[in-house]
Amino acid sequence: GWAISSYRCDIESCTFINHPNECISQSSGTVRNCIFKDNWGSAVHSSVADADTAYGLLIENCYAGNTNTKNNGHDEGVITFSQKSRNIRVRDCVFDNTSGTRGQGVFGSLSAQNSVDNDGNFQASGVKASNFNSILTVSTNGSTLDFDNVSLENCIFDNCRALVFGGAS
């Protein structure tokens, strides 16, 4: 299970170490100045049951080291989004996998079952990431990959193999 599951709250200056699944499941709010280290699943997973509640999620000034390295729950990305996630901003974060086990993706998406559930308005700026299998890992569940308004600005991706990697979940 999750370490924290929340809706519209702020999580600041927290540390998550050796967690067997994803650390935070949150649909909106702020995750700021947090450290994620040696976790098997995603640091943050944004999932929204109702698009009307997708107020936006800001992930800022966070560090993740050796995270999303094992297939145990959601590990598509350090930051994973699914099911109508909208208005996600990731700013000034460092994601690094130095353990010798590559993380799946810097960002991950569980693609929607239909066009109504598509994710959108994803922005990343000032992100530095190294040693991942992809910049964006996508589990399509047999559906068509569809994103709206994706922006990557002033990011550095070092040794992050593919831009998009798709496959079944």
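Keep in mind that the numbers below use all heavy atoms, side chains included, and drop hydrogens, waters and symmetry copies. In this chain, numbering begins with 1 at the start of the sequence shown. All figures in this text were calculated on a predicted structure; none of them were measured in a lab.
- Applying the side chain to side chain contact (heavy atoms under 4.5 Å, CB included) test between Val78 and each of Asn68, Val90, Ile59 identifies Asn68 as the sole match.
- Clustering ILVMFWY residues whenever any of their side-chain heavy atoms sit less than 4.5 angstrom apart, transitively, puts Ile79 in the very cluster that holds Val150.
- In this structure, Ser125 and Arg91 have side chains that are in contact, with non-hydrogen atoms separated by less than 4.5 Å.
- Rounded to the nearest 0.5 angstrom, Thr30 OG1 and Leu58 CG are separated by 5.0 Å.
- For the atom pair CZ (Arg32) and SG (Cys62), the distance works out to 9.0 Å, reported to the nearest 0.5 Å.
- The shortest distance between side-chain heavy atoms of Phe95 and Val127 falls below 4.5 Å.
- Considering only heavy atoms from C-beta on, Val44 comes within 4.5 Å of Leu57 through its side chain.
- Counting heavy atoms of neighbouring residues, nucleotides and ligands inside a 6.0 Å radius, atom CG of Asp10 exceeds 12 of them.
- Looking only at atom types and distance, the side chain of Ser130 has no donor-acceptor partner in the side chain of Asp158 under 3.5 Å away.
- The two residues Ala129 and Cys160 come nearest to each other via the heavy atoms O-SG, 3.7 Å.
- Residues Ile11 and Gln26 meet the side-chain proximity criterion, which asks for heavy atoms closer than 4.5 Å.
- Ring-plane geometry between Phe157 and Phe107 is classed as perpendicular, the angle between the planes exceeding 60 degrees on a 0 to 90 degree scale with a lower cut at 30.
- Put simply, CZ on Arg161 and OG on Ser134 are 10.0 Å apart, with the number rounded to the nearest 0.5 Å.
- Taking each heavy atom of Thr67 and Phe36 in turn, the nearest pair found is OG1-O, 3.5 Å.
- Annotation: side chain of Phe16 is in contact with side chain of Ile24 (closest heavy-atom distance under 4.5 Å).
- Taking 4.5 Å as the limit, some side-chain heavy atom of Phe122 sits within range of a side-chain heavy atom of Leu152.
- Separation of atoms CZ (Phe81) and CD (Glu76) is listed at 10.5 Å; rounding is to 0.5 Å.
- Between Ala124 and Cys155, the shortest heavy-atom distance links the atoms O-SG, 3.6 Å.
- Judged purely by atom type and a 3.5 angstrom limit, Asn39 uses its side chain to pair as donor or acceptor with the backbone of His19.
- Nearest heavy atom pair, residue Asn131 against residue Asn159, reads OD1-ND2, 2.8 Å.
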